[in-house]
Amino acid sequence: MAVLEPHKFTLPLTEKDVRSLKKGDLVFLSGIIYTGRDAVHKYLYEGHEPPISLENAVIYHCGPVVLKEDNIWRVTAAGPTTSIREEPYQATLIEKFKLKAVIGKGGMGEKTAKACRDFGCVYLHAIGGAAQVYAEHIISVKNVYLREEFGDPEAIWELEVKDFPVVVVIPAS
Amino acid sequence: MHSNVVPLLELIRKTSTDLPEDVRKALLKALEEEQKNTVSEYALKIMQRNIDLAKGKSQPLCQDTGSILFYIKTPIGFDQKAFEEEIKEAVSLATDKGYLRQNSVDSLTGKNSGNNLGPGTPTIYFEQHSHDYLDIRLILKGGGCENVGAQYSLPDTTLGAGRDMKGIQKVILDCVTKAQGRGCSPGILGVIIGGDRSTSYSASKKLFLRTIDDVNPEENLKELEESLLKEANETNIGPMGFGGKTTLLGVKLGVLNRLPASFFVTVSYMCWSYRRQGIILNNKSEIEKWLY
Ligand code: SF4
């Protein structure tokens with residue numbers, strides 16, 4: 001009987017890693033990922049420099065619920081949000097920062113798919129609604145950026161994840 | 001004063017963190033039937049894990065805690081105004097406690113009210129019944145699935161759908177196909193045939209008060225529900241659009257009279273995170289019974 005084997009990766013991803021993935025592959029990511037949704041995408045698209053290097057990074061379309069307890073941030077819910085809203089901006093960011101993966105839900109458009117092929121990026125689908133499961137796979141919050149400007153859900157959260165489960169929907173090759 | 005706030009808060013907490021039995025059963029059945037060792041089966045397993053985690057930690061099933069829809073039956077002569085204030089207090093408290101996300105945004109300025117209160121939020125429907133207790137039901141309906149709902153006006157020439165059973169079936173399946181996995185499938189449809197543009201949408205959501213496993217007493221609607229469910233599950237859209245056997249967990253249909261000139265078919269889509277609960281509240285403000 002066939003077994004669904006996850007492709008396990010420790011971040012950052014290389015272009016070779018990304019190009020080895022096929023549509024429908026199950027992927028477990030471990031390492032650092034960054035959340036970014038509408039405000040962040042527009043901000044970077046308009047040419048502002050990011051507060052941290054996003055070179056070769058993985059971006060997660062997610063507005064997490066984060067609590068501060070004893071001065072430590074803890075993510076309590078972190079499912080994906082609908083990705084298509086970032087379609088106008090995503091391709092530019094993939095090119096500019098050589099993003100290696102974008103995580104979200106619901107898929108993206110042709111412009112993003114082309115950028116994935118051209119620049120070696122992959123779009124990964126998280127399971128919508130699984131806010132508690134994803135929160136479990138986030139082992140720590142490393143930092144938060146642009147929180148003053150955009151508020152909690154829209155800020156860039158630097159998250160350390162372990163075996164973060166996602167499915168390849170738009171491959172690079 | 002405000003003695004109903006505590007049970008109302010408990011109703012909101014349970015609705016947001018604990019899926020009703022019929023939904024759990026339907027998702028479990030979907031998992032059992034799905035082809036093994038596929039990403040679709042994997043997605044359904046993650047959903048199971050999510051359900052257990054949310055309940056165990058008493059934290060929201062999904063971070064989008066959605067539109068807050070209250071359906072309330074009151075004794076005749078009941079003070080609805082005062083009760084509405086208590087509901088608002090409970091909603092605001094539930095937001096503070098993290099059972100609800102801050103989900104009420106000014107449509108012009110983009111400002112978030114921060115407590116889920118504002119024009120149109122929460123939504124409260126009152127009706128009277130001839131009992132001395134309150135029947136309070138709550139649905140939390142997320143934005144992702146709300147966005148894939150659709151209203152069709154028959155005849156629809158682009159789809160080739162006329163004002164007949166075939167036409168009705170065609171537009172409903174069109175909605176399922178267009179939604180793909182974006183409403184967080186496997187979902188549940190609430191469909192109203194007839195009505196006007198607004199009555200049909202609100203009635204279609206009210207159908208989500210039914211349980212997944214209930215049976216429509218109208219024979220022709222029952223048959224249509226069954227055949228739509230079967231056809232939707234043959235589309236191979238599957239959980240989250242990954243392909244597979246279960247695209248929908250259920251279809252609920254209702255009918256309203258219409259004007260001779262109009263023929264609307266209105267589809268509301270509910271995601272797998274089908275948050276619905278209800279209580280019977282006695283006149284001592286005690287929860288006598290959980291309804292789901
Ligand atoms: S549609 Fe998906 S993301 Fe939205 S509330 Fe439902 S499960 Fe959550």
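In what follows, chains are A, B, ... by sequence order, proteins preceding strands, each numbered from 1.
Within 6.0 Å of atom NZ in Lys16(A), 12 or fewer heavy atoms from other residues, nucleotides or ligands are found, so the atom counts as exposed in its surroundings. No more than 12 heavy atoms of other residues, nucleotides or ligands sit less than 6.0 Å from atom NZ of Lys206(B). In Lys111(B), the NZ atom is not crowded: 12 or fewer heavy atoms of neighbouring residues, nucleotides or ligands sit closer than 6.0 Å. Within 6.0 Å of CZ in Phe119(A) there are more than 12 heavy atoms belonging to other residues, nucleotides or ligands. Glu148(A) CD: 12 or fewer foreign heavy atoms inside a 6.0 Å radius. Within a 6.0 Å sphere centred on CD of Gln35(B), other residues, nucleotides and ligands contribute 12 heavy atoms or fewer. Few gaps surround NZ on Lys96(A); more than 12 heavy atoms of other groups in view lie less than 6.0 Å from it.
The structure places CZ of Phe242(B) at 9.0 Å from CG of Leu26(A), a figure rounded to the nearest 0.5 Å. Going from atom NE2 of His125(A) over to atom CE of Met240(B) covers 4.5 Å, rounded to the nearest 0.5 Å. Distance CG/Leu4(A) to CD/Glu41(B): 8.0 Å, rounded to 0.5 Å. One finds the CZ atom of Arg182(B) at 8.5 Å from the OG1 atom of Thr82(A) (value rounded to the nearest 0.5 Å). A distance of 9.5 Å separates CG of Asn50(B) from OH of Tyr134(A), quoted to the nearest 0.5 Å.
With a threshold of 4.5 angstrom between heavy atoms, Gln59(B) approaches chain A through its backbone and through its side chain. Using a 4.5 Å cut-off between heavy atoms, Ile46(B) contacts chain A through both its backbone and its side chain. Within the 4.5 angstrom heavy-atom criterion, no atom of Glu5(A) approaches chain B. Residue contact with chain B, scored on non-hydrogen atoms closer than 4.5 Å, involves the backbone of Ala126(A) exclusively. Looking at Thr38(B), only its backbone comes within 4.5 Å of chain A, counting heavy atoms on both sides.
Contact detail for Val39(B) and Gly24(A): the closest heavy-atom pair is CG1-O, 3.4 Å. For Cys62(B) against Gly129(A), the heavy-atom pair with the smallest separation is SG-CA, 3.7 Å. Contact detail for Pro165(A) and Tyr42(B): the closest heavy-atom pair is CB-OH, 3.2 Å.
Side chain of Gln132(A) to backbone of Pro60(B): a donor-acceptor contact under 3.5 angstrom is found. The main-chain N or O of Gly79(A) is found under 3.5 Å from a side-chain atom of Gln63(B) such that the two form a donor-acceptor pair.
Among Asp25(A), Thr76(A), Leu67(A), the residue making the largest number of heavy-atom pairs under 4.5 Å with chain B is Thr76(A). Of the listed residues (Gly63(A), Gly106(A), Gly128(A), Ala77(A)), the greatest number of heavy-atom pairs within a distance under 4.5 Å of chain B belongs to Gly128(A). For the set Ile84(A), Val167(A), Thr81(A), the entry with the most heavy-atom pairs within less than 4.5 Å of chain B is Val167(A).
Using a 4.5 Å cut-off on side-chain heavy atoms (C-beta onward), Pro153(A) and Gln102(B) make no contact.
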